[in-house]
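One is the number of the first residue; the rest follow in order along the sequence.
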Amino acid sequence: MNFFRGVMGGQAAGPQPSGAETIQKLCDRVASSTLLEDRRDAVRALKSLSKKYRMEVGTQAMDHLINILQTDRSDSEIIGYALDTLYNIICSDEEEEQDENTQKQVDDLGAQFTDHFIQDPEHLTLLLTLLEEFDFHVRWPGVKLLTALLKNQGPQVQGVILVSPMGVSRLMDLLADSREVIRNDGLLLLQQLTKSNAAIQKIVAFENAFERLLDIITEEGSSDGGIVVEDCLLLLLNLLKNNSSNQNFFKEGSYIQRMKPWFEVGDDNSGWSAQKVTNLHLMLQLVRVMVSPVNSPGATASCQKSMYQCGLLQQLCTILMATGVPADILTETINTVSEVIRGSQVNQDYFASVNAPSNPPRPAIVVLLMSMVNERQPFVLRCAVLYCFQCFLYKNQKGQGEIVATLLPSTIDANSISAGQLLCGGLFSADSLSNWCAAVALAHALQDNLTQKEQLLRVQLATSLGKPPVSLLQQCTNILSQGSKVQTRVGLLMLLCTWISNCPIAVTHFLHNQENVPFLTAQISENLGEDERLVQGLCALLLGICIYYNDNSLENYTKEKLKQLIEKRIGKENFVEKLGFITKHELYSRAAQKPQPIFPSPEQMLFDHEFTKLVKELEGQWEAHRRPVTNSWLGLSFTFLLLIVVIGMITKAVHKSSEEEKKEEEVKKTLEQHDNIVTQYKELIREQDAQIQELKEQLSSMTSQNEQMQATMTQQLSQIQQHKDQYNILKLKLGKENQNQGEGSQVNGMQTEELTQLREDVEELRKQNALLQTQLDDKDALINKLRSEASQTAEGSAGGSDGAQLLEELEALRSQLQSQSAELNQVKMERQELLRRAEAGSSNPENDGSMDGAKMAELESRLTTQLTEMERLKAEAKSSTESRAELEQQLASSTSTVAILQTEKAKLETAVQESKKEQDDLLILLSDQDQKIFRLEAEAQRSGRIGTSVEDEDDLDAKDDDEEEEDDDEEED
């Protein structure tokens, strides 16, 4: 200890050692000391000097500190000091208020130390292993050190972590740490880890990162939370941006639905904190990442559908129409809504139905357009509204028709403000930015929609009192000729190019004005300044479109005459040069990159994204026609080839001979004849369809009649067979009567014996019926008993055995009834035979017919009684069957009740086992805590015997650390 007093003490006499000398002595002490306490004190002293003498500590002590991490892992205190020292010499964020040169030197120094540390990948593996330690003084500085390494040399560190076994999983465990400081720094670590590395992003996502981050955001208060929510959102952006796999995983995991509560804004929106604005801004960016136009169309459409179904779009529209929302949040919300509805018909229809909470209510589109054409609104807000309007009309012909309809004379309402009126007002206002935005917005209402291009030709404008109205097309050309600002003219020229493109009727209307073509040729042929070159190029493009889509309906401006006009007044070379001004402009390529209009200043707002696509279509046409082009032309620029396409197609159209025109007329006539023939065939097919339908109805009726006839015929055949049987019986009876006329007495004697036997059989049947009645009564009593038992208890064991016995007895009863029925049928047959014999014997005058008749009557009465008994027995058997069904139902309900009770019993037993297991775990945890407390007390007693005289800022840190350990021990106790 005298060594440290001599080195660090301020009271010793003589010259004081320099910082480098002190650091050298401390390094020697770390390397050579055999006592752990001495090494710990030396590392703590290095930590206190590492901020002031960063270069010296880094160059002399880094290897010794790394060796400490490898050899002294059992002592958490020295490991914590070593990690803190390494962090101080590697991290470049501690210095403040430095000039650029000094800061650059500091950054270079941190990068050099980082390179030295990661030269051996085992050092990073060792650091990842130390992060598994639960001790606060090891884990927290380890997290900070790894974060600093990633900041300085991100790709190299990412590569080592990626190939390290369970490397990313260890870092994901930091989010589950109960100590907020470690969890929060773990978020910063994962932010650096996931930057620009798709492989690590996927691993982190599949380590349940989305679930954990969304839980943290909810726990911290969502948009009202603090800096932790911001860190979570930044990490989510890293995971989802430009990563289609993670985006699909986020959508399939139903995490989009969990974003809706973030945007629940109350009625009182005053006093937004800066942190809330930042959080909500990042949340909106997260929504935009999922529906960005750069994503695949299928994935974007699926996310848009989910956002509408879960109510997220409705919530965003609520913020859009709310009052008191900060301007930057409102702007980002408009951009977010724009991309959520872009290309989705359902979302676009919903947005069209949204009304602002005003009196009277106005559509949200109208309110937004009012902001766009208002020059007092912020520039970024006006750009956002324009983007929202463009996305609303993107692939939405229904919306395009609704916008154009507000300009037509039949739909204009003088008492309300419509979208069309606002666009016309902006188109002709004194503000050039409003002119450009309105022109581009109106061009999007016509994009790829020939019907609306033709409908817009009907729009008439009243320019002043006493003058006739002029068309919208003519008014646009009038403003062009007046020489307004460049931004206004560029916007109008883009509108005209979009309007007349692929619309011959609009071309005819444009050329019908005698002043338009001379104006365009004059603009193209003049030698103007740099600012006017873009206007000249757009005028050349407009004139080329007029030639390409010209239907030669105007005699003075046919394709051939316009071509000759270009050659005489402008010249081919000059025309090509002016066309090249469009694609060579520096703002053209910027506008072609993204659909969203993003401009640093209003003056640079010149090109629209959809207009650049129109120019690219001409490039595609050149690709389709480049085969006929000779090799000498292949080296020319795109603009010249573009002109070749336009002029070449014009030439083909002009040189069309009169014979070809005649052929076209013949083809038209042939087509008309073909249409007439097709119409006749359609009529014939309709008639045949009607006839087929009638025949089908007739066939169905005849089929039913045939079935009825078949049934009738079957009945008649059965009746005929019965008549044949009766005829055969009568025939046999007559033959027997003729043969047995002399044997009457013998027959009568036989009848008497048979009747006696029949009486005995009837008596026996009556006894059997009585016995069956007794059995039925017993069964009824048993059934009543089972019913009473089933109502008193839910257990079905006893009832099941009785029910089974009852079922067996009912089956026996049924068999007896069947045998009884067979015997009755036999008795009936014997009775009929006796009747036939009695009739045969009545012809003999010696028979005692009266006595036989009485016997027969008695026999018939007995048979009737037997039949009545049989019917009663059948009824009782039926009631017994019904009783059996009821008993079976009751048994089934009892069985289900028993199964439910058994299931609940199993659940309770499982819960008891789990609670026992938790109690065992708690006992183990408590025993571990006791052991740890004893170990810490022993170390505290052992460290109390060691003194030090290092009087610097690190003494205070050590004191604070000891106090924190004591607090932790007290909390654990």
Do L286 and L240 come within less than 4.5 Å of each other through their side chains, counting heavy atoms only?
yes
Indicate whether any N or O donor in one side chain lies under 3.5 Å from an N or O acceptor in the other, for Q345 and D349.
yes
So how far is it from D231 CG to L213 CG, rounded to the nearest 0.5 Å?
10.5 Å
Checking K251 now: which residues fulfil side-chain hydrogen bond (donor to acceptor under 3.5 Å, both in side chains) with it, not counting sequence neighbours?
S302
Can you say whether the rings of W436 and F599 are parallel (under 30°), tilted (30 to 60°) or perpendicular (over 60°)?
perpendicular
The test is side-chain hydrogen bond (donor to acceptor under 3.5 Å, both in side chains); show your working for S169 and E207 and say whether it passes.
CA-CA 7 Å; S169 300; E207 287 285 343; 2.8 Å; yes
Under the rule for salt bridge (Lys or Arg N to Asp or Glu O under 4.0 Å), what residues qualify as partners of D177, not counting sequence neighbours?
R139, R179
Between K613 and D448, is there a salt bridge with N-O shorter than 4.0 Å?
no
Looking at every heavy atom in both P597 and Q390, which two are closest together, and how far apart are they?
CD-OE1, 4.1 Å
Kindly assign one of parallel, tilted or perpendicular to the pair F611 and F607, based on the angle between their ring planes and the thresholds 30° and 60°.
parallel
Side-chain donor/acceptor of T406 to backbone N/O of G420, under 3.5 Å
yes
Out of curiosity, S223 OG to L282 CG, how far, rounded to the nearest 0.5 Å?
11.5 Å
side-chain hydrogen bond (donor to acceptor under 3.5 Å, both in side chains) against R288, all qualifying residues, sequence neighbours excluded
E332, E339, Q596
Taking 4.0 angstrom as the limit, do R183 and E220 come out as a salt bridge?
yes
Main-chain N/O of S244 paired to N248 side chain as donor or acceptor, under 3.5 Å
no
In terms of heavy-atom contacts, V385 and L368 come closest through CG1-O, 3.0 Å
Classify the ring geometry of F250 against F210: parallel below 30°, tilted from 30° to 60°, perpendicular beyond 60°.
perpendicular
Taking the basic N atoms (NZ, or NE/NH1/NH2) and the acidic carboxylate oxygens, is any pair closer than 4.0 Å for R258 and E211?
yes
Can you tell me if N279 and E230 form a side-chain donor-acceptor pair at under 3.5 Å?
no
Would you check if the side chain of R382 reaches a backbone N or O of M372 as a donor-acceptor pair within less than 3.5 Å?
yes
For L381, does the CG atom sit with more than 12 other heavy atoms under 6.0 Å from it, leaving out its own atoms?
yes
If you round to the nearest 0.5 Å, how far is NZ of K453 from CG of L473?
12.5 Å
Within the 4.5 Å heavy-atom criterion, are M283 and M259 side-chain neighbours or not?
no
Nearest non-hydrogen partners of G167 and L128, listed with the distance
CA-CD1, 4.3 Å
